[in-house]
Each structure stands twice: as C-alpha cells, then as structure tokens.
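Read through the structure below, which is laid out as structure tokens, and then see the notes.
Because the structure is a prediction, the values reported are computed rather than measured.
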Amino acid sequence: MSPITTPLLDRVSTPADMRNFSIEQLKQLADEVRAETVDAVSVTGGHLGASLGVVELTVAIHAVFDTPTDRVIWDVGHQAYPHKILTGRRDRIRTLRQGGGLSGFTRRAESEYDPFGAAHSSTSISAGLGMAVARDLKAERFHAASEEERAAQGLENDQRNVICIIGDGSMSAGMAYEAMNNAGALKSRLIVILNDNDMSIAPPVGAMSAYLSRLMSSRSFLSLRDLAVKMVKRFPRGIERTARRAEEYARGILTGGTLFEELGFYYLGPIDGHNLDHLLPVLRNMREAEEAGPILLHAITQKGKGYGPAERAPDKYHGVSKFNVITGEQAKAPPGPPSYTKVFGDALIAEAERDPAVVAITAAMPTGTGLDKFAAQFPDRMFDVGIAEQHAVTFAAGMATEGMKPFCAIYSTFLQRAYDQVVHDVALQSLPVRFAMDRAGFVGADGSTHAGSFDLSFLGCLPNMVIMAPADEAELVHVVATSVAIDDRPSAFRYPRGEGTGVALPTAGEVLSLGKGRVLREGTNIAILSLGTRLGDALKAADELAARGFPATVADARFAKPIDTALVEQLAKHHEVLITIEEAAIGGFGARVMQHLAWKGLLDNGLKIRPMIMPDLFIDHDSQSRQMAAAGLSARDIVNVALAAVGIEIPSAGPTKVQTSR
C-alpha cells in the first residue's frame, strides 16, 4: 500500500493554520484527516468508529472557534483522535495508547487544547458550564474594577466561548440532564453540540432543517426574537407566557427540540454533521450570537464515516485492534485461553439455565461485560439500562426485593459512579445484588482512567458486603455459582481484563465455603497470601525463593471479605515473614489482614508483614505486564520483598523501593 498523501494537513501544525482555508480546502482537509486517522489507528488500534464520525465536526469547530482560547470539551474523549491530529500532536499520533505515547482520551497534561480530561461519559456539560460561569465571574470582576486594579491584578475581559461535544449515548446518563437543567437556570453562554450517531433522538435531516438552523442561529433572527421578548414583557403575564410558549413550541414542531427548550436551551438542528456547507455557517452564527444563555446544536453523524468496513460494521469498528487498511481485517491474537469476560458470561448462562431467578444488568456495556451472549439466550432476563450506572444498581436492588437474583455487571472503574446507590440502596438494606466487576486491576492501553484500582477499598468498608477475587478462570466459575447462592446480603467479585491462565474449566460451578481460603504450597519461614490473579506470580516467586533456599508457603485468600481469619492467624503464627499481595489500592485486603492481626496481638512478637499493593499514584497507559512491573507487583518484586524481609540485600531494588515507600 502506498503512503497516504496529505498536502493540506501537512500545512497544519495548529488550528490557527487552517482558519484562512476556503470551504473547499476545509473539505479536502477533512478527507486528509480521515485518511490519517484510519492509517494511524491501523497501527495502534483504538477507538476508530467514533473518531471517524466527528472528522467534519472537528475541522469545523477548529476552523470557526479560536482554540485553545475558546474551550472545546469532548465528552468521553475516545472520539478525539482527529482533534489530536489538528492540535499539534500529529507527529505522535502513532503512539496512541502505547507506553509513553498519547492517551486514547483527552488529557489536560498532554495539551493546552485539552482543557478537561475525560474517559468516563457525560461529564462535558457540567465541566463546560463550570468554565462558562468562571468566565462570567471573571468578566464581572473586570468590569467592576478600575484601570489601576485591572493592571495590578491582571484582570481580563474574558469573552471566550465554551463548546461541549457530547454523544447521544452519553445523553442517556442523568448527569448530562442535571447539567443541562442547571445551565438553563444559570443562563450562562454555553454551546453544546449533540453528536447523534444513532439517530436515537433525531428526526430526518436535510436541506430544510439546515436552512432553519442557519436562520434561527443568525444574528438577525436572534435580534428579532430578542425584540419580541422585550415587547411581550409589556403584556399581561398570562399573554407573555403564552407568547413565549408559542415561540418555543413552533420551533419544537419544526425541529424536534422541545425537550431541550424545556431545559432552558435554545435548540438548533438537526443538521448533517458531515456537511461543512451546513456546519460552518451555523457554528459562525453561534460564535457571534450576543444572546445570553445556552445553545444546543443537534448534529447527525455516522460512526465510521468514510471508511467502508467501519460503515458496514460500526459495532466491530468502535474499538479495534491493529488492522489492514485495505481489507479492514483486524489482527487476531494467537489462540489461547478464553478471556475472563467470556468465562463469566458462559458461567452466568449456565447458572441462569438452572435458576430462572437469575437476571443480568449492564450499563451500556453488553459486549464488554460478556453479556451479549446471555442476552441472545435470555432476552427477557437481560437489561441494558444505558450509560446509567446509578440507575442500574438501584434497578437491581428493586429486583432483589422481589426475589430475583440480579447480577449487575459493571467495570470496576464505572461502579465508582454509583457508589451512593451501592451503599444506600443495596448494602444498607442487605439486598442480595451481585456485582460482577470486570477490568479489576490494570487494564493496559486504556490507562489509569479505566483501571480497577479502588473497588476493594470502597466496597470492603461496607457492612454486609461479601467480596471475592478468583485466582484463575476455573475459580471464576465457582465464584459465579457462589454469588448465586449468597441470597441474604450483597456480594461482589472482581476479575481482570484479558485471557485466563489456561486451566481446565469445571463443568459446573461449586459453591465455595464463605470466607475460606486455601493453601497451595507448604513452606517454612516465608508465607505469601495472594488475593485474585496475583496467585500465578506468587507461585513463580515461591519457585525462585525455594531455589534460593527459602521454601515459601503460598495461599489463595479467595475472599477479600470476610477474610479467612483462621488461615491468616495460622500463617502469622508459623512464619517469620507474611506477604500479602493484591492488584488494588491501599485500604483493601492487606489492610483488613493487618487490622485482624493487630487486634489478635499477632503483630506484637516480631512478625514481618509486607502488604504489596498498587502504589499511591496513577499509572499511565502501557501493556498490563509493564504496568504490573511499574507497580512493583511482579513475581520478581515478590522475591525481592521476601528476601529483603529476611535481611538479604538485593542489588537492583528499584521495585522494592516502590513497595517500601508506601
């Protein structure tokens, strides 16, 4: 394949370089940005479909608005690859999601063109409103100050625009509506662009819709509207209210924007988000509008636009591995063990076949959580509630009150969004909701925004909560069966991204004894107590320690709560060194073990306990193995910690320093 040619894009280092381009040049630039995006993602993998869907929108925004002075906030940020290409990061675009390279999302530390970091959904309008109100407050201070005060305090008349781009999927989350409701009440000047790529909200678009949007965003229309508003304010209150409603509903009938008008937004659209002839004049009108208050532009786009394979299969090209640009064929990993996600999905299907009360709930992640297969087999027992984790948890709680057995499958990082519901609606009432937390621990290319670091800490402190962490995929099958059997309190289990270890899978899950671990290897003076999938490296470390003359006991905790107190006490009493290891932040399993030992007086007689956990920092995107090594949680690190505890100096103790500095 010959290299792509991008003569116009080659001239663009920053958005300022494109602001004198003609509309025909901007169209050509959009084509070149699309080609560059496809070529780059074919090398790195990543979120392709969403990025291709906003190419024209990205070009138009940067051509019209004075970025980075004007703030552009991308919701989620996974669609921001074209934005990165146009904002000085093209030379690094083929490092996307690689160690030391560009983030797959927007990130404040990466560029001044990223005013707000993102990766979780539905935050853009809230953040944008905060920026708009801050702008207004600074402008008020400027106007209230004297010339001397302005000079002394460095006050400026801040008139910047704030533009939020949010997808229709993100609009399913309550936070977006909370922000819109607040924006409508505050009446700060804010531009929201609804990037609707599923037509889930929009009526058909066309020339008439584009004309109406251009007309209603024009200064002359807004001035006439403002004059009419001033006139009707002189009428009796009933007539004024009727006139205002008539104007809103007239536009609502023409455009379909009544919902947004009711929230206090001035609605424009829908327009074709790939047609620069339509986009540019409307965006310019929005930029020049003098009317206060929030404006929403409804743009219809297509995921994967301009790249045939992605247009034909947008679901398969939402997130991709490396692929062949010509054929669209994605690179396949060599055959290996099934992923933990697949094992969970299959195990839940098996339990649902035996128990009609088992139901599954997810928040817009049926494929990512392995529930797509469950949905195909049990369509009436699978509930995708959209990007609405709070609702998902309380919805599950309601089902539990009526005797159902809900499994709420949510990534560990996304369960953070529903913490009050977990506490108030589930744990406080001791309702048997089962939380299946995929992506626990490090997640590789998605980085710290998606790492499942904190679930053991924020769930472990809740009374009535049972927490399990399977060591391998066979244990995961047993854990699913155990969760079904726990019917008097909430339970949760965590498992990582990626493939299992290759162990044979049981034909049916067994119910584990609550709060009981297992000893896999007997040793002498060193004990390693592992939680979850760190067990494999714990066993490797034990092999190396044995070769050095220090045979180690290795135990699998299985439960983070309740802990196996008898096992913990046995390990503490019969070993000089006790190492706990977990792929989670401080305040989790190791903390609970030490709390128990302290109150039993087993820390009073010289036991050397070394809790190995994630360090107190956010570890950037990289391979999972490198993230593990950076955290000091690899097999080599376990060996180093054990030897250091018995007084043997390690020549290269970098990772050990990470551990002991916690």
Looking only at atom types and distance, does a side-chain atom of [X] sit under 3.5 Å from a main-chain N or O of [Y], one as donor and one as acceptor?
X    : Y    : value
T449 : D446 : yes
R135 : G130 : no
R312 : Y307 : no

Next item on the list: Quick one: do H120 and T413 satisfy side chain to side chain donor-acceptor pair (under 3.5 Å)? Show the steps, please.
Entry: CA-CA 9 Å; H120 293 196; T413 187; 3.0 Å; yes
In terms of side-chain heavy atoms, does [X] have a donor or acceptor partner in [Y] at a distance below 3.5 Å?
X    : Y    : value
T341 : R439 : yes
T369 : D438 : no
S412 : D455 : yes
D75  : S124 : yes
Y411 : H450 : no
T67  : R19  : yes
E32  : Q28  : yes

Next item on the list: Report the residues that fulfil side chain to side chain donor-acceptor pair (under 3.5 Å) with R381, sequence neighbours left out, ordered by chain and then residue number.
Entry: none
Notebook entry, point to check: Listed by chain and number, what are the side chain to side chain donor-acceptor pair (under 3.5 Å) partners of E112, not counting sequence neighbours?
Noted result: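 E112 satisfies side chain to side chain donor-acceptor pair (under 3.5 Å) with no other residue.
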Do the side chains of [Y] and [X] get nearer than 4.5 Å, heavy atoms only?
X    : Y    : value
I410 : F435 : no
P115 : I73  : yes
L259 : E261 : no
N275 : E56  : no
L9   : V33  : yes
F105 : H47  : yes
I165 : I61  : yes
V64  : L280 : yes

On a heavy-atom basis, which atom in [X] and which in [Y] lie closest, and how many Å separate them?
X    : Y    : result
S172 : I387 : OG-N, 3.1 Å
E473 : Y340 : N-CE2, 3.6 Å
L52  : H274 : O-CE1, 4.4 Å
P82  : S51  : CG-O, 3.4 Å
A176 : M171 : CB-SD, 4.0 Å

When you check the gap from the basic side-chain N to the acidic O, do [X] and [Y] get nearer than 4.0 Å?
X    : Y    : value
K187 : D136 : no
D346 : K342 : yes
K303 : E311 : no

Could you give the distance from [atom1] ([X]) to [atom2] ([Y]), rounded to the nearest 0.5 Å?
X    : Y    : atom1 : atom2 : answer
L48  : S42  : CG    : OG    : 9.0 Å
T37  : I93  : OG1   : CD1   : 7.0 Å
L296 : M286 : CG    : CE    : 7.5 Å
T301 : L57  : OG1   : CG    : 7.5 Å
F383 : F407 : CZ    : CZ    : 14.5 Å
R189 : L186 : CZ    : CG    : 14.5 Å

Residues 619-629 side chain polar contacts: donor-acceptor under 3.5 Å, at least two apart:
unit_1 : atom_1 : unit_2 : atom_2 : d
D620   : OD1    : R107   : NH2    : 2.6
D620   : OD2    : R107   : NH2    : 3.2
H621   : NE2    : Q98    : O      : 3.4
H621   : NE2    : G101   : O      : 2.9
H621   : NE2    : L102   : O      : 3.2
S623   : OG     : S625   : OG     : 3.3
S623   : OG     : R626   : N      : 3.2
Q624   : NE2    : F442   : O      : 3.0
Q624   : NE2    : R497   : O      : 3.3
Q627   : OE1    : G444   : N      : 2.9
Q627   : NE2    : G444   : O      : 3.1
Q627   : NE2    : D620   : O      : 3.1

Note to self: I'd like to know whether T87 forms a side-chain contact (heavy atoms from CB on, under 4.5 Å) with T14, so could you lay out the CA-CA distance, the side-chain angles of the two residues, the decisive distance to 0.1 Å, and finally the verdict.
What the structure shows: CA-CA 5 Å; T87 54; T14 66; over 6 Å; no
Note to self: Using ring-ring contact (aromatic ring centres under 6.0 Å, His included), reason through F260 and F265 one step at a time and then give a plain yes or no.
What the structure shows: CA-CA 5 Å; F260 303 109; F265 275 71; 7.4 Å; no
Checklist line | Given I271, N285, I163, the one that forms side chain to side chain contact (heavy atoms under 4.5 Å, CB included) with L297 | finding: I271
Next item on the list: With side-chain contact (heavy atoms from CB on, under 4.5 Å) as the test, would you mind laying out the steps for I193 and L283 before giving the verdict?
Entry: CA-CA 10 Å; I193 299 175; L283 289 176; 4.0 Å; yes
Next item on the list: Just do the side-chain contact (heavy atoms from CB on, under 4.5 Å) check on N195 and I166 with the steps written out, would you?
Entry: CA-CA 6 Å; N195 171 37; I166 183 169; over 6 Å; no
Margin query: Are more than 12 heavy atoms, taken from residues, nucleotides or ligands other than K316, located less than 6.0 Å from that residue's NZ atom?
Written below: no
Next item on the list: Applying salt bridge (Lys or Arg N to Asp or Glu O under 4.0 Å) between R90 and each of D10, D39, D17, report the one that passes.
Entry: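 Between R90 and the candidates, salt bridge (Lys or Arg N to Asp or Glu O under 4.0 Å) is satisfied uniquely by D10.
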Next item on the list: Kindly indicate, with the supporting measurements, whether the criterion side-chain contact (heavy atoms from CB on, under 4.5 Å) is fulfilled by R92 and K84.
Entry: CA-CA 9 Å; R92 292 180 289 152; K84 294 189 182 224; over 6 Å; no
